[in-house]
Participant: 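One structure, as C-alpha cells, below. Some questions next.
All chains are named by letter (A, B, ...) in the order of the sequence lines, taking the proteins before the strands, and each is independently numbered beginning at 1.
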Amino acid sequence: MMLIFQVYKELLKYYGYQNWWPVHEGQNRIVEVSVGAVLTQNTSWSNVEKSLENLISANCLNFECLVDIDLEVLKNLIKPSGFYNQKAKTLKELSKLFLSKENIEREDLLAVKGIGKETADSILLYALDKPYFVTDSYTKRLFYRMGFIKEKISYDELQSFITESIPKDIDIYKEFHALIVKYCKELCTKKPKCGGCFLSCNFKKVV
DNA sequence: AGCCAGGCCAAGC
DNA sequence: GCTTGGCATGGC
C-alpha cells in the first residue's frame, strides 16, 4: 500500500523534519530519550519537560543516579508528569537494565514492568537507533480515519502494516512517527479539523 | 469544569 | 483472548 508512504511524503513536505527528542544541552541522549519515553506515557510532553528539568537540576538524568536515588525522592522529581508511583519504579528498573546489559533487545525492555510495546519501540528507535516503527493512538486514529485499517487493529498488526508499506530506514521511521504526532495534534485531533487538512489522500474524512 | 495527553498492567469476563 | 478500571498531573 504505497498510499501510506505517500502520506509520509506529504507530511514531510508540509511540516519539514521534526528532529525529535530534543536533547537538553550536555545530557546523554540515550538516557534522556529513554526516560522521556516512560514519562510521556499517556502524558503531554509539556509535563514531561518539567520532570526532565527537575531531574537535570538534581543531577539525576543518568542511569547511575536513577538506580541509587531514594524512590520517594524520585517520585517527587517526576511528579509533574503524572503516574509517578509506577513511573518511578519503571525508571529504576529500566536504569538497572541499561547498567547491566550491553546490547539491549526488545524483549529486555518488555520484561521491565511499566514498559509496553510502544515505549519499548520508542526507546529502540529513538535512543538505540534500531528499526522499530512506533505506533500509537494517533497512528491508529489517522489510518483508521483514512480508511486503511479497521478500528480494532492490534499493535503488532498496525506495526507490520506500516513497515510493509515504507522503506526500512531508521530516519524515515523516526520522522514519520513524529510527523504523525504533529499532524494529529494539530489537525487530526479527536474532533478533526478536516477543513484545514492539506493531505491529498485523505479521501475518507470523518467529520 | 470537564476533557485530554506520544500507555501499561491486573482483574474480570 | 478481549474489555475495563485505575493510575495523576497540568493545560486548555
Participant: Give the rounded distance in Å between these two atoms: CG of A:Asn47 and P of C:dG10.
Facilitator: 6 Å

Participant: Please report the distance, rounded to the nearest Å, between NZ in A:Lys87 and P in C:dG10.
Facilitator: 12 Å

Participant: What do you reckon, A:Cys188 and A:Cys197 SGs under 2.5 Å?
Facilitator: no

Participant: Give the rounded distance in Å between these two atoms: NZ of A:Lys50 and C1' of B:dA5.
Facilitator: 13 Å

Participant: If you find the nucleotide of DNA chain B closest to A:Phe83 and the one closest to A:Lys113, which residue's nucleotide is nearer the 5' end?
Facilitator: A:Phe83

Participant: Considering only atom P, compute the distance from B:dC8 to C:dG10 and round it to an integer number of Å.
Facilitator: 22 Å

Participant: So A:Ser137, base contact, sugar-phosphate only, or nothing? Heavy-atom distance under 4.0 Å.
Facilitator: sugar-phosphate

Participant: A:Leu110 CG to B:dC8 P: how many Å, rounded?
Facilitator: 9 Å

Participant: Provide the closest heavy-atom pair for A:Lys92 versus A:Leu66 in the form atom of the first, atom of the second, distance.
Facilitator: NZ-O, 2.9 Å

Participant: With a non-hydrogen cut-off below 4.0 angstrom, is A:Thr119 in contact with a base, only sugar-phosphate, or nothing?
Facilitator: sugar-phosphate

Participant: With C1' as the reference atom in both, quote the distance from C:dA8 to B:dG2 in angstrom, rounded to an integer.
Facilitator: 15 Å

Participant: Do A:Leu39 and A:Phe83 have side chains that get closer than 4.5 Å, going by heavy atoms?
Facilitator: no

Participant: B:dG6 P sits how many Å from A:Tyr138 OH, rounded?
Facilitator: 3 Å

Participant: Begin with the C-alpha distance, continue with both residues' side-chain angles, and end with the deciding distance and a verdict on salt bridge (charged side-chain N to carboxylate O under 4.0 Å, His left out) for A:Glu32 and A:Arg29.
Facilitator: CA-CA 5 Å; A:Glu32 180 168 338; A:Arg29 175 170 147 262; over 6 Å; no

Participant: Across all strands shown, which nucleotide pairs with C:dC7 by Watson-Crick or G-U wobble geometry, both distances under 3.5 Å?
Facilitator: B:dG7

Participant: Does B:dG12 have a Watson-Crick or wobble mate here (both distances under 3.5 Å), and if so which one?
Facilitator: C:dC2

Participant: In whole Å, what separates the P atom of B:dC3 from that of C:dG5?
Facilitator: 15 Å

Participant: According to the Watson-Crick and G-U wobble definitions, with both distances under 3.5 Å, which nucleotide is paired to C:dC12?
Facilitator: B:dG2

Participant: For A:Lys191 and C:dC12, what is the distance between atoms NZ and C1' respectively, to the nearest whole Å?
Facilitator: 14 Å

Participant: For B:dG6, does either OP1 or OP2 sit under 4.0 Å from a side-chain N or O belonging to A:Lys185?
Facilitator: yes

Participant: For C:dC7, does either OP1 or OP2 sit under 4.0 Å from a side-chain N or O belonging to A:Tyr84?
Facilitator: no

Participant: Assess whether one donor atom and one acceptor atom, taken from the side chain of A:Gln86 and the base of C:dC7, lie less than 3.5 Å apart.
Facilitator: yes

Participant: Which comes earlier along DNA chain C counting from the 5' end, the contact point of A:Ser46 or that of A:Thr43, where each point is its nearest nucleotide?
Facilitator: A:Thr43

Participant: Does a side-chain N or O of A:Asn85 approach OP1 or OP2 of C:dA8 to a distance below 4.0 Å, or not?
Facilitator: yes

Participant: Are A:Phe198 and A:Tyr183 near enough that their ring centres are under 6.0 Å apart?
Facilitator: yes

Participant: Which whole-number value in Å describes the distance from A:Trp45 CH2 to B:dC4 P?
Facilitator: 23 Å

Participant: If you take all heavy atoms of A:Ile104 and A:Leu124, which pair is closest and at what distance?
Facilitator: O-CD2, 4.2 Å

Participant: Can you spot which of A:Asp121, A:Thr139, A:Thr135 makes a side-chain hydrogen bond (donor to acceptor under 3.5 Å, both in side chains) with A:Gln159?
Facilitator: A:Asp121

Participant: Taking only the P atom of each, what is the distance from C:dG6 to B:dG6 in whole angstrom?
Facilitator: 23 Å

Participant: If you assign each of A:Val112 and A:Arg141 to its closest nucleotide in DNA chain B, which residue comes earlier from the 5' end?
Facilitator: A:Arg141

Participant: Over how many whole Å does the gap from A:Leu52 atom CG to B:dG6 atom P extend?
Facilitator: 14 Å

Participant: How is A:Ile115 classified with respect to the nucleic acid when contacts are heavy atoms under 4.0 Å: base, sugar-phosphate, or nothing?
Facilitator: sugar-phosphate

Participant: Check whether any side-chain nitrogen or oxygen of A:Lys152 sits under 4.0 Å from OP1 or OP2 of C:dT3, and answer yes or no.
Facilitator: yes

Participant: Would you mind telling me which of B:dC8, B:dA5, B:dG6 lies closest to the side-chain atoms of A:Asn42?
Facilitator: B:dA5

